[in-house]
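These notes concern the structure reproduced below.
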Amino acid sequence: MAIGIPRARQARQVVLAAISVLAILMAIAALSINVVVTMRDAANSIDENRSLDAVASAVSSIKKRMAVTVRDNAIWDDAYAAVGSAESEAWINDNWGTTSADYPLYDGVVVMDSNGRQVAGYLKGEIFDAPAALGQDFVRQSLEASSNPSTSAHVGFFVLGDRVTMVTTLAIQPYLGKPQSPPYTLTFFKSLTADYIATIADDFQVKGLALGTERVPGQLDYPLNDAGGRALAHLTWPKLDPGTAVYERVFPQLVVLAALFAVFLLVVIDISRTALRRESARAAEATREATHDQLTGLLNRAGFIQAIAAAPAGSIVHLVDLDGFKAVNDAWGHAVGDKLIRRVGETLGTVHERVFAIARMGGDEFALIQPEDVDPQAVGARIVHLLKQPFAIDGRTVEVGASVGFTSLPEDTAPLEVVRRADVALYRAKEGGRGQTAAYSVELDRERESLVEAEQRLKAAIARDEIEVVFQPLTSAATGKITGVEALARWNPPTGPVSPEVFIPLAERSGLIDQLSQNVFETALRAVAEWPELDLSLNVSPLQLCNPNFAEEMKDLLSRQNFNPGRLILEVTEGVFISRPDRARRSITALHAIGVRFAMDDFGTGHASIGTLRQFGFDKVKIDRSLITGGNDAILRATIQLAAALDIPVTAEGIETAEQADFARDAGCELLQGYLIGKPMSLSKLRARLQPTSSAAKRA
Ligand code: C2E
Ligand code: CA
Ligand code: CA
């Protein structure tokens, strides 16, 4: 039963493991994607920074190169001496103007005085008015260079014509020492042509570098600013995005990897699904094992309890017990017994189409549940009928039978209580004999309860020797003389006397009768020992008579008490001769042999028993009290005559009136017994009755 729970736990563990593996795999996949993308972006961004740095150094490098060129020309004693002298213009033209016509280091030259006026200007060898072409920004650059002579050139970018031009200015100074008065300035122009840009790009390894007035969308950009910080032009070049390039190169492999990963995932999912399915199948199998009977495949007790719990209120639960199964097992062996059990299980499946749970509760006990709207009495009768039919098993004809107890399923009642009720009903059915059906009722419960209680009290009473014995005299019909006494058991608990009609059957049913009788017999034998002329009648329960040891025990008792067996009359009712004739005969024969006599008790109440009387050799017959008090003289007379015809002396019991006594005497009864002659009495009363004079003398 409990096996199902760890199985379920195992299945849960499989699911958890599969989910964990999947989660880990997904995390690995996500991390991998993230790593690849990060590497791509990082590579892109590193390259971007590298090319930005390269362009920045390119610009700074061309600025430096111009600065060096202008310094070589401006800080020169010859130039300092010539510029501003009489031959100033000729010297400027010779040394710089003509050079500008075709010179890689600069395209133009301008010399300005310290007041911002141009002294001379050439562009590509031609005369050139720089302040007019470049404006105030240029003049300001020259004035600054003049007013604060230093060795570091002033560099600015200007637009000249449709070209961006680098303009580099330095004060013209002697090689050593400082200029005397505010110096002239020398300015070189270098036009940034496409070729020049291409060379730079080559030198600094920036592919696709171009100079334009606008930024190019999607490309990297380095602005060239004018003196006011405004972008004059833009150096632009395409991003290399090496990360993306690598990424694109490895992308097909990534796809393959992803595909492999997906396959792996699918395999993992499939494996865990299979494992899970196997695990749940195993769990289902375990549950089945825990709730089903192996032999029949029906539900077992545990399974049936669950079925009751799940059944709608009002459903009816039947308990079925095979009659005589033990005999089949004993006679034919367990193999046949098992087959019979299986066949009974199959048969129960055909009882009614609406029966919805069938169980083997253990041994030869079965159970089933039917809905409320099917007549349970009919279902019970059908079960009894079907199981009464002989079964052909291994070439043998095996006959059993069944008793059925049923109860309806009340709301909110524990399944075990329902089974108990059905069991109480089953017990009642079996009490009633084989092949019966009984319904549960609260009264049954109460009866059983008080029965169990009474049994316990009776047991205690016997153990404490609280069962007393009284004696009722029997008199000769002819002389009125007391010829014997009948010993009768009495139970007088504090709660009030209990009739032997109640406690004798109780003792019989609960297996207490042997012990009870033993006590009664011993007491009675001892009691009448003092009157050797009296017969003693003892009532013997049919159960006792059928006990194989009864005769021996009786003989023992007689010899122990040294009691003359010829004085003993055992009264037996006729029922025993119908149920167990052989055993009864054995006891009677054994005791007859030592002189014990037998009387048939309660004659006239049961079946015609003349045959029995003769067969078992009864010595006496006691006409039942009901015939005496019944008032039907014809029947009474006929019954007495019947016994008389067999030469068996007749005793009339229950004589309460003189008329009854007269009638019995006339009809030919030998002995009389009854309240008229004497009620059952204690030993002391009996003694007083038997020795009236002597006891009166004693008292006197
Ligand atoms: P029984 O053997 O037929 O005993 C006669 C019963 O009739 C006794 O009832 C007795 O008290 C009662 N009786 C006798 N004369 C009259 C009468 O004139 N009028 C009326 N109304 N009743 C009379 P008791 O003692 O209640 O016993 C009932 C039955 O219990 C007995 O019937 C006997 O079968 C059984 N029994 C009593 N004692 C024992 C015993 O020790 N062992 C066994 N096995 N059975 C016993
Ligand atoms: Ca009797
Ligand atoms: Ca009787």
Side-chain angles (χ1 to χ4, degrees), residues 458 461-462 465-475 482 484-492 496-528 535-547 550 553-554 557 568-576 584 587 597-606 618-631 636 650-661 663-664 669 671-683 685-686:
L458 178 60
I462 294 170
D465 217 5
E466 283 170 13
I467 305 297
E468 291 159 23
V469 183
V470 291
F471 301 90
Q472 189 176 27
L474 289 106
T475 54
I482 295 175
V485 289
E486 179 180 2
L488 294 160
R490 288 291 175 269
W491 184 22
N492 296 310
V498 181
S499 162
E501 311 263 19
V502 172
F503 73 79
I504 294 296
L506 184 63
E508 285 175 338
R509 185 159 30 185
S510 48
L512 298 168
I513 189 66
D514 282 326
Q515 210 190 326
L516 186 149
S517 300
Q518 187 76 20
N519 293 356
V520 170
F521 291 178
E522 274 182 28
T523 310
L525 288 176
R526 212 177 297 122
V528 299
D535 287 340
L536 174 65
S537 294
L538 292 176
N539 292 287
V540 175
S541 157
L543 275 179
Q544 286 179 282
L545 198 65
C546 294
N547 181 346
F550 176 70
E553 283 168 9
M554 205 67 222
L557 183 61
L568 188 63
I569 299 162
L570 297 182
E571 298 189 2
V572 195
T573 52
E574 53 193 318
V576 62
S587 295
R597 284 167 294 166
F598 281 83
M600 175 164 280
D601 209 347
D602 300 343
F603 188 72
T605 53
F618 273 94
D619 306 284
K620 286 171 181 295
V621 156
K622 282 182 92 168
I623 302 284
D624 193 62
R625 182 156 48 89
S626 61
L627 265 68
I628 306 287
T629 52
L636 180 58
V650 175
T651 305
E653 65 174 9
I655 302 291
E656 293 182 356
T657 63
E659 292 84 60
Q660 289 169 345
F663 184 89
C669 288
L671 298 172
L672 303 181
Q673 182 184 14
Y675 291 176
L676 180 69
I677 295 110
K679 288 193 174 184
M681 57 191 87
S682 64
L683 181 60
K685 281 200 179 129
L686 178 67

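We're numbering straight along the sequence, starting at 1. Here the structure is a predicted model, which means the values were calculated and not measured. Whatever order the structure lists them in is the order used to number ligands and atoms, beginning at 1.
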Please set out all donor-acceptor pairs under 3.5 angstrom arising from side-chain atoms of residues 499-512, sequence neighbours excluded.
unit_1 : atom_1 : unit_2 : atom_2 : d
Ser499 : OG     : Glu501 : N      : 2.9
Glu508 : OE2    : Ser541 : OG     : 2.6
Arg509 : NH1    : Glu431 : OE2    : 3.1
Ser510 : OG     : Leu506 : O      : 2.6

If the test is side chain to side chain contact (heavy atoms under 4.5 Å, CB included), which one of Thr523, Leu538, Leu488, Leu683 qualifies with Val469? Thr523
Note: ligand 1 atoms sitting under 4.0 Å from heavy atoms of Val520 are 41 (O)
Do Pro542 and Thr573 touch side chain to side chain, with heavy atoms closer than 4.5 Å? yes
If you count the atoms of ligand 1 from 1 in the order shown, which ones are under 4.0 Å from a heavy atom of Glu486? 2 (O), 4 (O)
Are any non-hydrogen side-chain atoms of Leu676 and Gln660 less than 4.5 angstrom apart? no
Going by distance only, is there an N or O of Gln544 that falls short of 3.5 Å from an N or O of ligand 1? no
Gln472 side chain vs Gly678 backbone, donor-acceptor pair below 3.5 Å: yes
Would you name the N/O/S atom of Glu571 that lies closest to the Ca ion (ligand 2)? OE1
Nearest non-hydrogen contact to atom 43 (C) of ligand 1 from the set Val469, Ile677, Asn539, Asp624 belongs to Asn539
Do any of the N, O or S atoms of Asn539 sit under 3.0 Å from the Ca ion (ligand 2)? yes
The residue among Thr475, Leu474, Ile655 that forms side chain to side chain contact (heavy atoms under 4.5 Å, CB included) with Gln673 is Leu474
Sub-4.0 Å heavy-atom contact, Pro680 with ligand 1: yes
Contact check, side chains of Pro680 and Arg490, non-hydrogen atoms, under 4.5 Å: yes
Test your reading of the structure: does Asp601 have an N or O sitting under 3.5 Å from an N or O of ligand 1? yes
Should Lys679 be listed as contacting ligand 1, given a heavy-atom distance under 4.0 Å as the test? no
Taking the side chain as everything from C-beta on, heavy atoms only, tell me whether Met554 gets closer than 4.5 Å to Val540. no
For Glu656, is the nearest heavy atom under 4.0 Å from an atom of ligand 1? yes
Under the side-chain contact (heavy atoms from CB on, under 4.5 Å) test, residues paired with Glu553 that sit two or more places apart: Asn549
Are the side chain of Asn539 and the backbone of Glu571 linked by a donor-acceptor contact shorter than 3.5 Å? no
Tell me, do Leu516 and Trp491 make a side-chain contact under 4.5 Å, heavy atoms counted? no
For ligand 1, which is the ligand I care about here, please tell me if Gln472 has any N or O atom under 3.5 Å from one of the ligand's N or O atoms. yes
Specify which N/O/S atom of Asp601 comes nearest to the Ca ion (ligand 2), by atom name. OD2
Looking at ligand 1, is there an atom of it that comes within less than 4.0 Å of some heavy atom belonging to Arg490? yes
Within ligand 1, which atoms have a heavy atom of Gly674 less than 4.0 Å away? 15 (N), 18 (O)
Polar-atom distance check: Ala489 versus ligand 1, any N or O pair below 3.5 Å? yes
Numbering as shown, the atoms of ligand 1 that approach Asp602 to under 4.0 Å (heavy-atom distance): 3 (O)
Atom pair CG (Asp601) and CD1 (Ile569), whose distance is rounded to the nearest 0.5 Å: 11.5 Å
Identity of the N, O or S atom of Glu486 lying closest to the Ca ion (ligand 2): OE2
Using distance alone, determine whether Glu501 and ligand 1 share an N or O pair under 3.5 Å. no
Under 4.0 Å between heavy atoms, the region of Lys622 that gets near ligand 1 turns out to be neither
